[in-house]
Amino acid sequence: MPEISKFIYMNVYVRQLANHEGETVQLRGWNAQKRDSKGLVFMVFRDGTGFCQAVIDVQVVGEEVFEIAKRLPQESSLSITGKVVKDERQIGGYEIHVTALEVIAEAEPYPITPKEHGVDFLMDHRHLWLRSRRQWAIMRVRNRIIFAIHEFFQSRGFIQMDAPIFTGNACEGTTTLFETDFYGEPAYLSQSGQLYGEAMAMAHGLIYTFGPTFRAEKSKTRRHLSEFWMIEPEMAFYDLQMDMDLIEDFIRYVVTKVLEDCKNELQILERDTTYLEKVREPFVRIKYEDAVRIIKGEVPVSGRTSFDMLEEEKQKLLAERESAEKEIAEREAKIKSGTLKKGEVNFNQSRIDKLKAQLTDIAERLQAVEQWIHSARNFVRGNDFGGGDETVLTKMFGQPVMVYNWPQAVKAFYMKEDEQEPGYAKGVDLLAPEGYGEIVGGGERETDLEKLKRKIQEHQLPMSAFEWYLDLRRFGNVPHSGFGLGLERLVAWICGLQHIRETIPFPRSYGRLLP
RNA sequence: UCCUCGAUAGCUCAGCUGGUUAGAGCACAUGACUGUUAAUCAUGGGGUCCCUGGUUCGAGCCCAGGUCGGGGAGCCA
């Protein structure tokens with residue numbers, strides 16, 4: 001074993017390897033995975049900034065070190081010294097030819113193996129799951145999104161101000177809130193910073209809040225969390241049009257930044273960026289009533305109605321199911337024939353298992369399509385959209401859709417009524433494509449003091465709790481608008497995730513408080 | 001709260017119409033293999049079939065109740 005002092009070589013991070021090609025460097029991190037053959041160990045080494053392959057050759061490091069490397073359990077921490085070699089086959093483009101290796105801490109048997117695991121198992125091990133490559137990539141994208149959000153607003157002169165988390169009252173009155181004890185009085189965890197945002201906008205003109213939000217809904221869906229992060233800009237002297245322009249610029253900016261700066265992460269996530277690229281085109285903007293006509297199949301989009309689209313979707317799934325069933329039958333027949341070698345049997349069997357899992361998934365999606373057809377047929381004009389209606393609408397366009405001018409009854413009390421169209425509120429929802437649903441909700445705020453008072457009464461909210469809010473109308477009333485963005489839904493859409501629970505380090509949802 | 005699906009080895013799952021001693025792959029251990037990208041070969045250890053009760057000569061499988069979980073509805077970002 002060559003004598004190598006740990007101080008001779010520069011400590012670098014995996015992320016920087018491209019700058020050190022041909023040099024000998026030292027890295028510190030963890031053994032994410034390895035395989036060995038005679039005389040060689042291939043280790044997937046990670047140090048938090050990235051992943052790279054480390055090659056340990058018995059002829060270079062000697063028997064003793066080689067044995068240590070060969071027996072090193074998954075997720076043990078170690079430092080390695082070696083030469084940086086370009087290798088196009090590797091995900092970062094570089095690998096390390098190790099010349100020295102030092103174990104920092106040997107790990108106990110690691111529960112997350114390089115094999116499929118169920119979601120529940122992974123969620124129970126969330127504290128460790130965060131280390132794996134996919135989760136790592138998602139958190140990097142989340143970080144870039146957060147940074148882009150700040151860049152966007154700060155560069156436009158918005159001030160970040162925070163709304164309180166303890167509140168005395170439900171702001172919109174509808175959703176279930178978490179109740180806590182605030183020095184003997186009931187207090188609720190904030191479900192929105194919106195009303196406070198309005199007060200802050202009257203002080204600073206352009207502001208945005210960025211903080212956690214809590215909803216005690218017992219929702220068990222892939223779109224809901226009990227605790228999530230929301231960004232809520234509020235702008236004095238903005239009407240609905242300006243609000244929509246801002247939403248569009250904002251989403252375009254954030255998505256573009258991720259596309260530019262997170263290529264590696266999106267590649268790890270195997271994200272098809274076709275729909276993301278579409279943010280460069282103008283967003284679709286339609287009024288609620290027109291959206292309803294499209295959902296109900298009364299008006300076609302690019303020559304096809306919602307029912308045409310749903311029927312296509314259904315046929316596609318049926319075809320997928322058929323081909324999966326056929327493949328299963330073929331492979332089962334092969335195995336039964338008894339002519340296969342053991343390895344081939346294993347391969348076929350695991351392929352069958354995978355296809356069966358796919359069949360379960362297809363069945364679920366077919367059920368969803370049936371539900372969408374049902375809800376499109378029975379949609380009652382004047383109602384809010386359900387998850388299925390949103391999906392149908394966005395699938396018709398394949399790009400972000402802004403729906404505005406909603407029936408007042410389905411929107412919050414502070415939404416401004418459209419003078420030209422009484423009964424309709426100047427609210428807007430931005431629906432993400434690919435079934436990711438509502439990621440932004442906002443609109444112009446009601447400025448008429450009497451209308452506000454009336455609506456607070458209609459919603460049966462306690463007037464006393466809103467006196468401070470009404471003061472904003474009494475002292476220098478101005479037209480203003482704002483919106484709220486659900487960070488996790490945006491992360492889910494950009495990363496193309498099946499479930500929102502992967503978008504936040506430690507998700508809190510119905511039935512999940514640990515880890 | 002409602003609808004729907006599920007719970008079998010550390011993990012992912014198979015287990016036919018109720019029938020002898022419950023299986024596979026991965027993981028782990030040992031050995032073989034010099035360039036691998038989750039699944040090369042051989043050998044080995046590993047089980048309260050979620051719980052309670054019932055039907056039956058016999059229950060992983062059927063029935064009832066419960067617990068926990070997935071997906072969806074409602075509600076929403």
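Lettering follows sequence order; numbering is per chain, from 1.
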(request) State whether A:Y238 and A:R445 meet the cation-pi test: NZ (Lys) or CZ (Arg) under 6.0 Å from the six-membered ring centroid, and within 45° of the perpendicular axis. (result)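 Cation-pi check for A:R445 and A:Y238: fails.
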Using a cut-off of 4.0 Å on non-hydrogen atoms, how would the nucleic acid contact of [X] be classed: base, sugar-phosphate, or nothing?
{"X": "A:L40", "answer": "base"}
{"X": "A:N383", "answer": "nothing"}
{"X": "A:Q498", "answer": "nothing"}
{"X": "A:G39", "answer": "nothing"}
{"X": "A:D384", "answer": "sugar-phosphate"}
{"X": "A:V44", "answer": "nothing"}
{"X": "A:L487", "answer": "nothing"}

For the side chain of [X], starting at C-beta, report the closest nucleotide among [options].
{"X": "A:Q59", "options": "B:rA77, B:rU30, B:rU34", "answer": "B:rU34"}
{"X": "A:R223", "options": "B:rA77, B:rU36, B:rC75", "answer": "B:rC75"}
{"X": "A:K218", "options": "B:rC33, B:rU1, B:rA27", "answer": "B:rU1"}
{"X": "A:Q53", "options": "B:rU12, B:rG35, B:rA38", "answer": "B:rG35"}
{"X": "A:R71", "options": "B:rU36, B:rU30, B:rG72", "answer": "B:rU30"}
{"X": "A:R222", "options": "B:rG72, B:rU36, B:rA38", "answer": "B:rG72"}
{"X": "A:F121", "options": "B:rU34, B:rC11, B:rA77", "answer": "B:rC11"}
{"X": "A:K38", "options": "B:rG35, B:rU34, B:rA27", "answer": "B:rU34"}
{"X": "A:E390", "options": "B:rC11, B:rA77, B:rC76", "answer": "B:rC76"}

(request) Look at the side-chain N and O atoms of A:R35 and state whether any lies under 4.0 Å from the OP1 or OP2 oxygen of B:rU34. (result)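 Looking at the OP1 and OP2 atoms of B:rU34, neither is under 4.0 Å from any side-chain N or O of A:R35.
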(request) Run through A:K395, A:R271, A:R489 and flag the one making a salt bridge (charged side-chain N to carboxylate O under 4.0 Å, His left out) with A:E434. (result) A:R271
For atom [atom1], what is the distance between [N] and [M], given to the nearest Å?
{"N": "B:rA14", "M": "B:rC49", "atom1": "C1'", "value": "13 Å"}
{"N": "B:rA64", "M": "B:rA59", "atom1": "C1'", "value": "15 Å"}
{"N": "B:rG23", "M": "B:rG31", "atom1": "P", "value": "28 Å"}
{"N": "B:rG6", "M": "B:rU48", "atom1": "P", "value": "24 Å"}

Do the ring centers of [X] and [Y] come within less than 6.0 Å of each other?
{"X": "A:F506", "Y": "A:H127", "result": "no"}
{"X": "A:Y188", "Y": "A:F214", "result": "no"}
{"X": "A:F152", "Y": "A:F158", "result": "no"}

(request) Quickly work out the A:H224 NE2 to B:rC75 P distance and round it to whole Å. (result)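 Between P of B:rC75 and NE2 of A:H224: 10 Å.
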(request) Take atom CG of A:L497 and atom C1' of B:rA77, then tell me their distance rounded to the nearest Å. (result) 16 Å
(request) Would you mind reporting whether A:L430 and A:F483 have side-chain heavy atoms less than 4.5 Å apart? (result) no
(message) Are A:L485 and A:F250 packed together at the side-chain level, in the sense that at least one heavy-atom pair is separated by less than 4.5 angstrom?
(response)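 In contact.
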(request) Not counting sequence neighbours, list each pair that qualifies as a ring-ring contact (aromatic ring centres under 6.0 Å, His included) and has a residue in residues 35-64 of chain A. (result)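 Found A:F51-A:W136.
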(message) Can you tell me if A:F228 is stacked onto the base of B:rA77, using a 5.5 Å centroid cut-off and an angle below 30°?
(response)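 Stacking between A:F228 and B:rA77: present.
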(request) Return the stacking result for B:rC11 and A:H117: yes when the ring centres lie under 5.5 Å apart and the planes under 30°, no otherwise. (result) no
(message) Please check this pair: side chain of A:Y288 against backbone of A:G382, looking for a donor-acceptor N/O pair closer than 3.5 Å.
(response) yes
(request) Measure the acute angle between the ring planes of A:H125 and A:F121, then classify it against the limits of 30° and 60° as parallel, tilted or perpendicular. (result)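 A:H125 vs A:F121 ring planes: tilted.
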(request) Find the runs of at least 3 consecutive base pairs, i with j, i+1 with j-1 and so on, that include RNA chain B, using Watson-Crick or G-U wobble geometry with both distances under 3.5 Å. (result)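 So far as stems of 3 or more pairs are concerned, RNA chain B shows B:1-7 with B:67-73, B:10-13 with B:23-26, B:28-32 with B:40-44, B:50-54 with B:62-66.
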When you compare the protein's N or O atoms with those of nucleotides 67-70 of chain B, which come within less than 3.5 Å of each other, and at what distance?
| from | atom 1 | to | atom 2 | distance (Å) |
| --- | --- | --- | --- | --- |
| B:rG69 | OP1 | A:G511 | O | 3.4 |

